[in-house]
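Every value quoted in this text rests on a predicted model; they were computed, and no experiment measured them. Reminder, nothing fancy here: chain letters follow the sequence lines and each chain counts from 1.
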Protein chains: 2
Amino acid sequence: MAFDGILKNIARHADLTAGEQDLFCSVLQVKNLKKKELLFKPGKICQQEAYINKGCLRTFFCDKNGAQNTFYFGIEDWWISDLLSRTFKVPSQYHVEAIEDAQVFLINDEDLENLMMRIPKLEHFYRKLFQYSVATFEQRLLEAHQLSAEERYRKFRDKYPEFDRRIPQKHIASYLGMTPEFFNTIRSKVLKAH
Amino acid sequence: MAFDGILKNIARHADLTAGEQDLFCSVLQVKNLKKKELLFKPGKICQQEAYINKGCLRTFFCDKNGAQNTFYFGIEDWWISDLLSRTFKVPSQYHVEAIEDAQVFLINDEDLENLMMRIPKLEHFYRKLFQYSVATFEQRLLEAHQLSAEERYRKFRDKYPEFDRRIPQKHIASYLGMTPEFFNTIRSKVLKAH
DNA sequence: AAAGAAACTTAAGGTATATTTAGAAATGGG
DNA sequence: CCCATTTCTAAATATACCTTAAGTTTCTTT
């Protein structure tokens with residue numbers, strides 16, 4: 001069935017009944033994206049949470065010089081949204097773009113809040129999901145401060161070998177907080193070391 | 001009453017009945033800390049969430065060179081914990097230390113999970129709390145990548161004037177990801193600009 | 001109040017990373 | 001399949017930030 005993946009993802013922390021599963025799936029909206037197409041655009045308040053069923057996406061924003069700053073990737077079975085905008089109800093500053101052709105399932109913020117009220121297990125799930133996210137961001141922030149550019153890349157490679165394969169260098173460079181040129185010299189060096 | 005502050009904090013997102021409030025308060029453990037005393041130590045799995053009723057604390061860890069790396073501050077009405085350790089059940093790497101004499105209210109992870117099952121509104125509260133945290137960390141990570149040291153300090157000052165007043169420079173320097181010496185030159189420059 | 005410890009200040013020299021430029025390789029559209 | 005565009009590689013120069021070190025002020029303890 002089409003929604004197998006997302007239901008299995010939720011089942012990690014919440015044991016929904018068949019009826020609850022149906023209810024949940026009934027609010028999902030399927031969206032297909034071509035490579036380079038935008039899922040979310042800056043300017044308005046982000047109203048949706050997205051589950052990636054297929055493909056690869058990235059979140060980035062443009063700084064005052066117009067340069068793109070990527071800070072989030074997502075592939076199959078990941079969740080992606082603009083929590084900053086959704087949480088504080090401020091206009092989004094982010095672009096969410098497909099790096100490969102992709103399929104996502106969207107849930108409106110309002111539907112999600114309603115569902116969580118009706119199904120406490122679902123609120124439990126998202127509480128856990130966000131708790132994990134905080135822990136992960138904390139880790140990333142630490143690494144950004146503590147590690148050299150080369151060390152950051154080595155960790156990234158170990159942790160997300162798939163990202164390293166599927167995502168263009170310039171985006172990885174930005175994600176790791178360095179220029180594409182410098183990233184390239186580091187990468188060549190790391191590859192040679194094998 | 002002693003628990004006014006924490007109950008008011010929770011009331012921002014969860015409207016607990018008097019009975020639920022009592023139940024919640026019954027699992028709280030009060031702990032007073034002297035300046036420099038540790039609330040959490042590295043080595044074991046963190047089992048508690050803490051609400052700061054009074055005083056100022058910081059979270060830091062020691063890197064391979066033994067240098068302290070501060071990445072989190074908290075004052076009155078803030079929550080503090082080691083989510084990385086608590087969430088993934090891995091030994092903590094963090095010290096949580098009182099910067100000033102402090103009083104915190106502790107909740108055991110197990111009690112908290114039980115309470116959240118019994119009182120869905122409480123799970124709602126922590127879901128919101130963590131959702132805010134993710135958004136905040138996201139913002140910090142962006143600023144760490146995008147902004148120069150001076151810009152980072154200016155933002156910090158604007159956002160947390162109280163931290164700037166109460167916390168020693170070396171800790172702020174570490175939080176902002178720079179050396180105390182460099183921070184000092186920046187700070188003098190920023191102060192002169194007024 | 002004195003002595004010691006910790007925190008802050010200032011400056012010189014050094015290093016990791018950024019910027020710029022340029023060309024080569026890969027990719028994609030017609 | 002070819003041309004246009006994007007991505008990658010490479011090297012030279014520039015700079016933000018670090019390291020070290022020494023002096024000064026502030027805090028802490030007795």
Side-chain angles (χ1 to χ4, degrees), chain A residues 33-37 56 58 60 63-70 73 95 97-101 143-157 163-193, chain B residues 33-37 55-56 58 60 62-70 73 95 97-101 143-157 163-193:
Chain A
L33 295 155
K34 286 278 168 210
K35 184 170 174 173
K36 298 209 175 166
E37 204 177 333
C56 179
R58 72 179 176 118
F60 69 94
D63 63 26
K64 47 208 166 193
N65 311 317
Q68 291 184 0
N69 213 310
T70 297
F73 296 125
H95 305 250
E97 181 199 69
I99 295 181
E100 307 167 353
D101 290 357
E143 290 175 0
H145 278 184
Q146 193 205 2
L147 303 180
S148 71
E150 181 175 337
E151 289 169 319
R152 268 177 279 147
Y153 173 54
R154 286 183 182 277
K155 285 230 168 184
F156 176 83
R157 247 174 92 81
F163 287 3
D164 195 52
R165 256 178 272 122
R166 284 164 77 169
I167 297 169
Q169 282 188 37
K170 60 173 187 174
H171 296 150
I172 299 178
S174 175
Y175 177 91
L176 293 174
M178 63 191 93
T179 59
E181 293 84 355
F182 189 59
F183 175 67
N184 182 258
T185 64
I186 280 173
R187 188 167 199 264
S188 315
K189 192 178 148 199
V190 169
L191 291 184
K192 251 172 230 157
Chain B
L33 295 155
K34 285 278 171 210
K35 185 170 173 174
K36 296 209 175 163
E37 205 177 331
C56 179
R58 72 180 177 118
F60 69 94
C62 297
D63 64 26
K64 48 207 166 193
N65 311 318
Q68 292 185 359
N69 214 311
T70 296
F73 298 124
H95 306 250
E97 182 198 68
I99 294 182
E100 308 167 354
D101 292 357
E143 290 174 0
H145 277 185
Q146 192 207 1
L147 302 180
S148 71
E150 182 176 336
E151 289 170 319
R152 268 176 279 149
Y153 173 54
R154 286 181 182 278
K155 285 230 170 188
F156 176 83
R157 246 173 92 80
F163 286 3
D164 194 52
R165 257 180 270 121
R166 285 164 75 170
I167 297 168
Q169 282 188 37
K170 60 173 188 174
H171 296 149
I172 298 178
S174 176
Y175 177 92
L176 293 175
M178 64 191 92
T179 58
E181 294 84 355
F182 190 60
F183 175 66
N184 182 258
T185 63
I186 280 173
R187 188 167 200 262
S188 314
K189 192 177 148 201
V190 169
L191 291 184
K192 251 172 231 155

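In this structure, the side chains of B/Q68 and B/H95 stay at 4.5 Å or more apart for every pair of heavy atoms. A/I99 places a side-chain heavy atom less than 4.5 Å from the side chain of A/F73.
The two atoms that bring B/C56 and B/I167 nearest to each other are SG-CG1, 3.9 Å, heavy atoms only.
B/T185 meets the side chain to side chain contact (heavy atoms under 4.5 Å, CB included) test with B/F182; sequence neighbours excluded. With sequence neighbours left out, B/K189 forms a salt bridge (charged side-chain N to carboxylate O under 4.0 Å, His left out) with B/E150. Applying the side chain to side chain contact (heavy atoms under 4.5 Å, CB included) rule to B/K36 yields no partners; only residues at least two apart in sequence or on another chain are considered. Evaluation of the side chain to side chain contact (heavy atoms under 4.5 Å, CB included) rule for A/D164 yields A/Y153, A/F156, A/R157, A/I172, A/R187 as partners, not counting sequence neighbours.
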Pairs: protein N or O with nucleotides 3-7 of chain D N or O, under 3.5 Å:
{"from": "D/dT7", "atom 1": "OP2", "to": "A/K170", "atom 2": "NZ", "distance (Å)": "2.2"}

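The CD1 atom of B/I99 sits 16 Å away from the C1' atom of D/dC27 (whole-angstrom rounding). Put simply, NZ on A/K189 is 14 Å from P on D/dA10, counting in whole angstrom units. Distance, A/L176 CG to C/dT17 P: 12 Å, rounded to whole Å. Going from atom NZ of B/K34 over to atom P of D/dT28 covers 12 Å, rounded to whole Å. Rounded to whole angstrom, the span from the CG atom of A/N69 across to the P atom of C/dA18 amounts to 12 Å. Per the geometry, CD belonging to A/E100 stands 15 Å off C1' belonging to C/dT27, to the nearest Å.
Here the side chain of A/D101 pairs a donor or acceptor atom with the backbone of A/K35 at under 3.5 angstrom.
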A correct 5'-to-3' footprint of nucleotides 11-22 of chain D, with B, S and - meaning base, sugar-phosphate only and no protein heavy atom under 4.0 Å, is ------BSBBB-

